[in-house]
Amino acid sequence: MRESLGKLLPAPCVDAARKIISDEKLDTIFDMAGTLQMIKIKADIDKIVQRTINWYVLGRSQPAYYSFKEGLRALGVLEAMLKYPNLFRETFCYNSEHLTVGMIMSVFKVKRAEEVNKYDEPVKMNQFQSAHVHSPPTEVIIHAGTNNIITDSTKECFDNIQLLSSRIKSMFKEARITISSLITREDIDVTLKTQERMSY
């Protein structure tokens, strides 16, 4: 698209611009961006190119931004962020920091094969639960979905989420497990397939 708009912008006249739009099939992009209009004077060329660039850079990201914002709101995080922005700055804002050997060593721990115990994971999970969960939860809400609904079958998607639910149920045996529905995307044509997955 960048190359096509680069050809359109310096078009010497309206007729040349219309030919470029036709040859490069830019009318489809303009229609999708909501910037399609009749070109009557040369100034219209600059206007349509600028509006299309604004859509490409900013407009396309709006559905993803909205979904992210609504996810934070559903979790109760958005309200806290607005009330205490400085507390969330370190988490959400990039801060340049020089990487040191100490940082690397704190992230990775080398284990030789003979040191690995196949029962380590349950022990670690129990330790985590003891440290962070003071009483067994009565309700666990899972906000889960998939980003491969185009390639995976409905049954595969369902089985994966069911497996996740079963693993959590094994950790919190007395808790009721709730799986929340996906936030529907509208920027790609997968709405029907999403609804099919959610009704499985």
Side-chain angles (χ1 to χ4, degrees), residues 32 58-95 97 99 102-200:
M32 184 169 55
L58 301 174
R60 293 186 315 148
S61 62
Q62 287 302 309
Y65 166 76
Y66 178 77
S67 293
F68 179 63
K69 182 179 175 182
E70 289 306 303
L72 292 176
R73 189 193 306 278
L75 294 171
V77 176
L78 184 62
E79 185 179 345
M81 288 175 65
L82 294 173
K83 193 171 182 180
Y84 308 105
N86 289 332
L87 294 178
F88 290 88
R89 192 177 306 279
E90 185 178 342
T91 303
F92 286 93
C93 298
Y94 173 73
N95 184 26
E97 188 175 357
L99 195 62
M103 291 178 185
I104 299 293
M105 295 301 291
S106 67
V107 172
F108 299 102
K109 182 179 178 182
V110 178
K111 269 192 173 182
R112 291 188 291 272
E114 60 270 18
E115 296 177 329
V116 176
N117 186 332
K118 66 179 180 179
Y119 299 107
D120 272 356
E121 288 306 316
V123 170
K124 288 177 184 175
M125 188 57 68
N126 290 335
Q127 289 172 348
F128 175 84
Q129 186 176 343
S130 300
H132 298 279
V133 182
H134 301 294
S135 61
T138 57
E139 181 100 23
V140 176
I141 300 174
I142 305 171
H143 187 75
T146 178
N147 62 355
N148 53 350
I149 62 174
I150 294 176
T151 57
D152 288 0
S153 69
T154 301
K155 187 175 187 313
E156 287 173 318
C157 294
F158 176 78
D159 288 347
N160 287 335
I161 294 178
Q162 189 177 47
L163 177 61
L164 174 63
S165 175
S166 299
R167 287 179 176 172
I168 293 177
K169 186 67 176 176
S170 69
M171 292 166 49
F172 307 110
K173 294 181 173 54
E174 302 301 319
R176 185 174 71 163
I177 308 297
T178 303
I179 301 177
S180 68
S181 63
L182 291 170
I183 298 172
T184 304
R185 291 184 61 175
E186 297 180 354
D187 58 328
I188 53 176
D189 189 20
V190 295
T191 305
L192 291 176
K193 199 155 189 179
T194 302
Q195 290 171 350
E196 180 189 14
R197 298 292 187 265
M198 296 309 298
S199 63
Y200 189 83

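Here K69 pairs with Y65, R73, L78 under the side-chain contact (heavy atoms from CB on, under 4.5 Å) rule; sequence neighbours left out. Shown here are the side chain to side chain donor-acceptor pair (under 3.5 Å) partners of E156, two or more places apart in sequence or in another chain: S153. Considering only residues two or more places apart in sequence or on other chains, L75 meets the side-chain contact (heavy atoms from CB on, under 4.5 Å) condition with V77. Residues satisfying the side chain to side chain donor-acceptor pair (under 3.5 Å) criterion with E139, sequence neighbours excluded, are R176, T178. Partners of A74 under the side-chain contact (heavy atoms from CB on, under 4.5 Å) rule, at least two apart in sequence or in another chain, do not exist in this structure.
For residues 160-173, no pair satisfies side chain to side chain donor-acceptor pair (under 3.5 Å), with sequence neighbours left out.
Taking CD1 of I142 as the start and CD1 of I168 as the end, the distance is 3.5 Å to the nearest 0.5 Å. Distance check: I141 CD1 to I177 CD1 gives 10.0 Å after rounding to the nearest 0.5 Å.
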